[in-house]
Enquirer: 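Here's a structure for you.
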Amino acid sequence: MTPGGGSGPMKDCEYSQISTHSSSSPMESPHKKKKAAPKRKWEVFPGRNKFFCNGRIMMARQTGVFYLTLVLILVTSGLFFAFDCPYLSEKITPAIPAIGGILFFFVMGTLLRTSFSDPGVLPRATPDEAADLERQIGNTEDIANGSSSGGYRPPPRTKEVIINGQTVKLKYCFTCKIFRPPRASHCSLCDNCVERFDHHCPWVGNCVGKRNYRFFYMFILSLSFLTVFIFAFVITHIILRSQQTGFLNALKDSPARYPFIK
Amino acid sequence: MASEAHDLQELRRSASLATKVFVQRDYSDGTLCQFQTKFPLELDSRLERQLFEETVKTLNGFYAEAEKIGGSSYLEGCLACATAYFIFLCMETHYEKVLKKIAKYIQEQNEQVYAPRGLLLTDPVERGMRVIEISIYEDRCSSRSTSSRSSSSGGGGGR
């Protein structure tokens, strides 16, 4: 049994041992590497992603459309809460802004979660693993062809595995140098292999894959409800006002009147 | 033990990486995370088959437990959905808890079984759950640590 005190230095030791090939550790003094500060994984990430907040937020490179999405949602919801909700909460029930608020909270929460989280990026193969794979493929090809291993031969593109009795072909990714697991795919925009890759969504500014699919789905669902909700109550607002003052006057009254009150 | 920690540091300084063995995923029972228990031939002289199999089988058990869909994971999912996943800012998911257990188990295995034999397990999570990477170290100075000498003479003597 190992006491807690012994596992402390062991943990540092183990961690730096694993990451020795990619970054230098403070313990390796006699080696030729200078004492550089260990770099975080996001600082040396090989894909085309942008990181914020010390690696807590991970997005695609092109984020312009994401800001558009934010603006559209905020402006629409803002206008709804400012102009329709006061009238509707008086006339019908104050539950309307309450439910609208909850929906808005859901939409923003899930949107930010989808955009900022890791979709399930597969780390690229370490040079050792890539070399081992090429060596293995080279060996099997030699046995198959009966020729001696000469110059560089590119690895074959597929590997067959049997999943639940069915043969599935795993494709080889030349960028990441791995055989992709089933349902993984390479996103050309982010230059990463993503597990259970659905699509790259520019509206959300990120790939949608295994690890953020649930957030994306909730975002789409809650956004649909929010849109239908806002649309329904805006129509209700106009109808109620036009019952009082006529349709054209209703359009003049709200929201046109508000900017001129003060 | 502190002496074992010291041995691992000594091993790292005196040893050089000889080669790495990669234990691939076992897809025969579906796409759940399981690793092959087939013994890699490069480890033949270094490690007993049953120790290796035991490690891999325990890891497979952990991964099955992590991905298990039961009452508690269902409730966790419903609660998370109802709070727009904000609940995960406060608590860990069941999967993350099991990943922590796995990390601890691998560290423990490295200290007790693998490091004395000049081997090192890498947590599969660092490689995207695709392989278990086992690094084989060659001990340059054989007079240094006695643990490595006992490992070259067939290992498992102290066990």
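Just so it is clear: chains get the letters A, B, ... in the order the sequence lines come, proteins before strands, and each one is counted from 1.
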Enquirer: Using the six-membered ring of A/Phe215, assess whether NZ or CZ of A/Arg113 lies under 6.0 Å from its centre and within 45 degrees of the ring axis.
Expert: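 Yes - A/Arg113 lies over the ring of A/Phe215, closer than 6.0 Å to its centre and within 45° of its axis.
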
Enquirer: Does a side-chain N-to-carboxylate-O contact under 4.0 Å join B/Glu65 and B/Lys101?
Expert: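 B/Lys101 and B/Glu65: salt-bridged.
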
Enquirer: Could you verify whether a donor N or O on one side chain and an acceptor N or O on the other, from A/His186 and A/Asp191, lie under 3.5 Å apart?
Expert: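 There is such a pair between these side chains.
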
Enquirer: Between B/Arg130 and A/Glu129, does any NZ, NE, NH1 or NH2 come within less than 4.0 Å of an OD or OE carboxylate oxygen?
Expert: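 Yes.
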
Enquirer: Does any donor atom in the side chain of A/Asn192 or A/Asn49 lie under 3.5 Å from an acceptor atom in the other side chain?
Expert: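 Their side chains do contain a donor-acceptor pair, which is all the 3.5 Å distance test asks for.
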
Enquirer: Please state whether the side chain, the backbone, both or neither of A/Leu122 comes within less than 4.5 Å of a heavy atom of chain B.
Expert: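 Contact with chain B is through the side chain of A/Leu122 alone.
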
Enquirer: Taking 4.5 Å as the heavy-atom cut-off, does anything in residues 53-64 of chain B contact chain A, and if so which residues?
Expert: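 Result: none.
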
Enquirer: For A/Leu170, which atoms come within 4.5 Å of any heavy atom of chain B: side chain, backbone, both, or neither?
Expert: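 It is the side chain, since no backbone atom gets that close.
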
Enquirer: Assess the side chains of A/Asp128 and A/Thr126: does a donor N or O sit below 3.5 Å from an acceptor N or O?
Expert: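 Side-chain D/A pair, A/Asp128 to A/Thr126: absent.
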
Enquirer: Report the C-alpha separation of B/Thr122 and B/Ile132 in whole Å, then their side-chain angles, then the decisive distance to 0.1 Å, and conclude whether the side chain to side chain contact (heavy atoms under 4.5 Å, CB included) test is met.
Expert: CA-CA 6 Å; B/Thr122 306; B/Ile132 303 177; over 6 Å; no

Enquirer: Residue by residue, which of residues 86-95 of chain B have a heavy atom closer than 4.5 Å to a heavy atom belonging to chain A?
Expert: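 So the qualifying residues are B/Phe86, B/Phe88.
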
Enquirer: With a 4.5 angstrom heavy-atom cut-off, which part of B/Val21 approaches chain A: side chain, backbone, both or neither?
Expert: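 Neither part.
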
